[in-house]
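Accompanying notes for the structure given below.
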Amino acid sequence: MRVSVVVPAYNEAARIGAVIGPVLAWGRAHEVVVVDDGSSDGTAEAAAQAGARVVRLERNVGKGGAVARAISETTGDILIFLDADLIGLTPEHLALLLNPVAEGDADMTLGIFSRGRAATDLAQAITPWLSGQRAVRRDTLVGLDAGIARFGLEAALTRYARRAGLRVRQVTLPDLTHVMKEEKMGAVRGVISRLRMYRDILRSLVSRD
């Protein structure tokens, strides 16, 4: 069973290597694909140097569009989606995401941060369905239009899984966290970006299939 790891990334040159490294060290992925979503900071070059295959989009289309492109570019029977700004990723986290799907116990796993940082742990405890760390069988995604959402992709995936009757299992990912928007962009720009993300999430929740 082939496994494709997909990492959508926008202006993550400083962080993308810390995600690709553990994936390659894990050794279970048949391919590691980074979709550079119109970055302006050298994300594509950093990802390629770290060992990933890079699909470069000329303009920023949002996470949903980037993942839709990745699905069409990959061949794995199981897809693992990872955020590009993770801190503390290990091969053990990847195994936790993969195993329930590979063993037939779930159609999709949803990775939840634990013991990472208080802010990110709390956010995922309140809204676990917004996690970007997932594994899913490719054949269950027939009919999903990932491009309907920008940062609302996770909400769209959760909504699709519920409507399609997929078996979704939450798995705890200990000692894992990610860089928050306010840390990347500064307080003001980070808050604006977060509000835009929530707007897209709401659109994903109310849109029709």
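All residue numbers in this chain count up from 1 along the given sequence.
Residues passing the side chain to side chain donor-acceptor pair (under 3.5 Å) test with Arg138, sequence neighbours excluded: Thr74. Under the rule for a side chain to side chain donor-acceptor pair (under 3.5 Å), the partners of Arg134 that lie at least two apart in sequence or sit in another chain are Thr158.
Taking each heavy atom of Arg56 and Ser39 in turn, the nearest pair found is NH2-O, 4.2 Å. Between Leu176 and Leu89 the shortest heavy-atom distance is CD1-N, 3.4 Å. Ser131 approaches Leu110 most closely through the heavy-atom pair CB-CD1, 3.8 Å. Annotation for Ala9 and Thr43: closest pair CB-CG2, 3.8 Å, computed over non-hydrogen atoms.
Taken from NE2 in His178 to CZ in Phe113, the straight-line distance is 5.0 Å, to the nearest 0.5 Å.
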Which pairs of donor and acceptor atoms, one on a side chain in residues 46-54, lie under 3.5 Å apart (sequence neighbours left out)?
{"unit_1": "Arg53", "atom_1": "NH2", "unit_2": "Glu31", "atom_2": "OE1", "d": "3.3"}
{"unit_1": "Arg53", "atom_1": "NH2", "unit_2": "Glu73", "atom_2": "O", "d": "2.9"}

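Considering only heavy atoms from C-beta on, Val67 stays 4.5 Å or farther from Val35 through its side chain. Using a 4.5 Å cut-off on side-chain heavy atoms (C-beta onward), Val171 and Leu97 make contact. Under the 4.5 Å side-chain criterion, counting only non-hydrogen atoms from C-beta, Asp105 is in contact with Arg169. In this structure, the side chains of Val23 and Val7 stay at 4.5 Å or more apart for every pair of heavy atoms. Looking at Trp26 and Ile80, their side chains come closer than 4.5 Å, going by heavy atoms from C-beta outward. Contact check for Gln133 versus Leu86: side-chain heavy atoms found under the 4.5 Å cut-off.
Remark: Arg2 does not engage Asp77 in a salt bridge, criterion side-chain N to carboxylate O under 4.0 Å. Ionic pairing of Asp83 and Arg15 is not present here: no N-O contact between side-chain nitrogen and carboxylate oxygen is shorter than 4.0 angstrom.
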